[in-house]
Number of protein chains: 2
Amino acid sequence: MTELAELPAVPGAARTQGRPRSSRAHEAILEAVLDLIEEGTTVEALSMEAIAARAGVGKATIYRRWAGKDELLLETLVKLKGPAPQPSGESLRADLIELLSVVGKKDQRAVRVMPCLMPEVSRSPEAYRIWQEAITEPRREVMREVLRRGVASGELRADLDLEVTVSMLISPLLLHRMVRWNPRLDEVDDLVAQVVDVVLRGVAA
Amino acid sequence: MTELAELPAVPGAARTQGRPRSSRAHEAILEAVLDLIEEGTTVEALSMEAIAARAGVGKATIYRRWAGKDELLLETLVKLKGPAPQPSGESLRADLIELLSVVGKKDQRAVRVMPCLMPEVSRSPEAYRIWQEAITEPRREVMREVLRRGVASGELRADLDLEVTVSMLISPLLLHRMVRWNPRLDEVDDLVAQVVDVVLRGVAA
DNA sequence: GGATTCCGATACGGTTCCGTTCCGTATCGC
DNA sequence: GCGATACGGAACGGAACCGTATCGGAATCC
């Protein structure tokens, strides 16, 4: 159980004295937050006591690292989603299918967490901003780039509205994988391909 | 302010004695729930105390009608959404535009409430069932019927997957109007028409 | 070895909410 | 008028959680 050194939050503050903070405790706390949310605790109902208990950690250990619940949740959210995936560039259709296939498939925990974040995101402008910048916008940009190549190659209409097209591609997948908006889609096994094909035909040059 | 007689919960129990329950209080309680949620209170953080205070009602008056918060929220949710809208039947394209245009436009309160319901819906199978039966499924069925007429008239492919098509039409609108998934779509003024046109071209016969 | 800091655990006072119970008053059927 | 019930309001004991403080012990640097 190697205890890794923590990077000081403020670069100038070289804290070398005393026992270093346990990175194990750090990880355990973040994991506890994700676990609890996955188990059905709302973001808002998350209690520091429950987090500490689940992580096997004293409350003071949490407050030593984060000022409050908001800061802790922010770090957890950013950690949850890695960088946006990159398409292989094989073809327009293949790239879109590739990108859409991973929606909600990588980390099952993320799927559970997202709906719990919705109230927060729709209430707090700050949460909305972070969510946009760290989660949704980078992924949209990847898909925009794929579409731009399709326009450049002449496959797609030149006057294509990128935002609308991206939304038409992503939205059905998101809504199904995140909140199971229509349970009947469970039985559609090639949902991604169908969506891509209809949209591509609809916006073909 | 006429005080309407309450229907007894149990049909056999004819309660004629004493002062009847105030339907005004009843309405005030339901309105208070909606108001509080609209103002940013999560479903889960809703307190009976706050509801009573907002409604100008004693807590006992609430507990006299509902066994707990869950029952109260259920009645509120069902009341929130009226029956599904009906299209005028002018044309396939016009009907779809008509149906999609009202998404999130009728009652602004519903738009605010929906994201707050997501955690509940994704956690509780019972909440999911009610939400499906009372809210989403009836609206999907209306749209399916419009598409069936399009298939019958030969405008649409005969082997059309209704569920996928409905999802492709509704999802971009829902995601934008409900949680503003992509803020750049704010500036697209004919979003509904664009979505409808792309899908119709994509699934044309 | 000594100083320092972090560790998990526990306790604290304060706040909020729960669901119930009791007021004194108001409104109904008879 | 009288009995029955609902009303708004206030108070209750109990529970959960907040953020802080303090404990004895452990880990690290000098």
Side-chain angles (χ1 to χ4, degrees), chain A residues 1-10 12-33 36-37 39-73, chain B residues 1-10 12-33 36-37 39-74 120:
Chain A
M1 245 43 86
T2 320
E3 305 271 344
L4 302 178
E6 298 286 327
L7 293 176
V10 182
R15 304 191 321 84
T16 64
Q17 280 283 36
R19 175 176 176 175
R21 290 187 182 170
S22 158
S23 64
R24 176 139 76 129
H26 198 93
E27 294 301 320
I29 294 166
L30 295 180
E31 284 297 310
V33 172
L36 287 172
I37 291 179
E39 287 169 18
T41 314
T42 318
V43 166
E44 169 168 282
L46 261 188
S47 76
M48 297 301 248
E49 317 234 353
I51 295 169
R54 167 62 62 104
V57 147
K59 274 199 291 177
T61 303
I62 301 181
Y63 283 106
R64 213 171 277 128
R65 295 154 202 267
W66 295 279
K69 206 194 298 179
D70 289 346
E71 280 196 20
L72 170 56
L73 286 176
Chain B
M1 239 37 86
T2 319
E3 306 272 343
L4 302 176
E6 298 284 327
L7 294 174
V10 181
R15 307 193 319 85
T16 63
Q17 280 281 39
R19 176 178 175 173
R21 290 187 182 170
S22 158
S23 64
R24 176 137 76 130
H26 198 93
E27 294 301 320
I29 293 167
L30 295 179
E31 284 296 310
V33 172
L36 288 172
I37 292 179
E39 288 169 18
T41 313
T42 317
V43 165
E44 172 166 280
L46 261 189
S47 76
M48 299 299 250
E49 319 234 350
I51 295 169
R54 166 63 61 104
V57 147
K59 275 199 292 178
T61 302
I62 301 182
Y63 283 105
R64 211 171 280 128
R65 295 154 199 268
W66 296 278
K69 205 195 299 182
D70 289 346
E71 281 196 20
L72 170 55
L73 285 177
L74 174 60
E120 202 67 20

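Note on naming: letters A, B, ... go to the chains in the order of the sequence lines (proteins, then strands), and numbering restarts at 1 for each one.
- Across C/dC7, D/dG8, D/dT28, the shortest atom-to-atom separation from the side chain of A/Thr61 is found for C/dC7.
- A straight line from CZ of A/Arg65 to C1' of C/dT5 spans 12 Å, rounded to a whole angstrom.
- In terms of modelled atom types and a separation under 3.5 Å, the side chain of B/Ser22 and the main chain of B/Arg24 share a donor-acceptor contact.
- Here D/dT22 is the nucleotide among C/dT4, C/dC18, D/dT22 with the atom lying nearest to any side-chain atom of A/Ala60.
- B/Gly56 comes within contact range of the sugar-phosphate backbone alone, with a heavy-atom separation under 4.0 Å but no base atom that close.
- The base of D/dA26 is paired with the side chain of A/Arg19 by a donor and an acceptor separated by under 3.5 Å.
- Per the geometry, NE2 belonging to A/His26 stands 16 Å off C1' belonging to C/dC7, to the nearest Å.
- When the nucleotides C/dC7, D/dA11, D/dT20 are ranked by their closest atom to the side chain of A/Tyr63, D/dT20 comes out on top.
- Atom CD1 of B/Ile29 is separated from atom P of D/dG9 by 12 Å (rounded to the nearest Å).
- If you measure from atom CG of B/Leu36 to atom C1' of C/dC17, you get 14 Å, rounded to the nearest angstrom.
- Nucleic acid contact class of A/Leu46 (heavy atoms, under 4.0 Å, all strands): sugar-phosphate only.
- Nearest heavy-atom pair across B/Val43 and B/Glu120 is CG1-OE1, 4.2 Å.
- Looking at heavy-atom distances under 4.0 Å, A/Ala52 makes no contact with the nucleic acid at all.
- Atom-to-atom, CD1 of A/Ile51 to P of D/dC17 comes out at 11 Å; the value is rounded to the nearest Å.
- The side chain of A/Lys59 has D/dC18 as its nearest neighbour among D/dC18, C/dC18, C/dC6.
- Across all non-hydrogen atoms, the minimal contact from A/Leu46 to A/Lys69 is O-NZ, 2.8 Å.
- Whole-Å rounding puts the B/Ile62 CD1 to D/dC7 P distance at 11 Å.
- Listed here is the closest heavy atom pair of B/Ile51 and B/Ala32: O-CB, 3.8 Å.
- Look at B/Ser22 and you won't find any side-chain N or O under 4.0 angstrom from OP1 or OP2 of D/dA6.
- Ranked by how close their nearest DNA chain D nucleotide is to the 5' end, A/Ala45 and B/Arg64 are led by B/Arg64.
- Comparing D/dC18, C/dG19, D/dG8 by their nearest atom to the side chain of A/Glu49 picks out D/dC18.
- Counting to the nearest Å, the P atom of D/dG8 and the CE atom of B/Met48 are 14 Å from each other.
- Going from atom CZ of A/Arg54 over to atom C1' of C/dG8 covers 18 Å, rounded to whole Å.
- Looking at the side chain of A/Gln17, the nearest of the listed nucleotides D/dC29, D/dC7, C/dC18 is D/dC29.
- Side-chain N or O atoms of A/Arg21 include one that pairs as donor or acceptor with a backbone N or O of A/Arg64 at under 3.5 Å.
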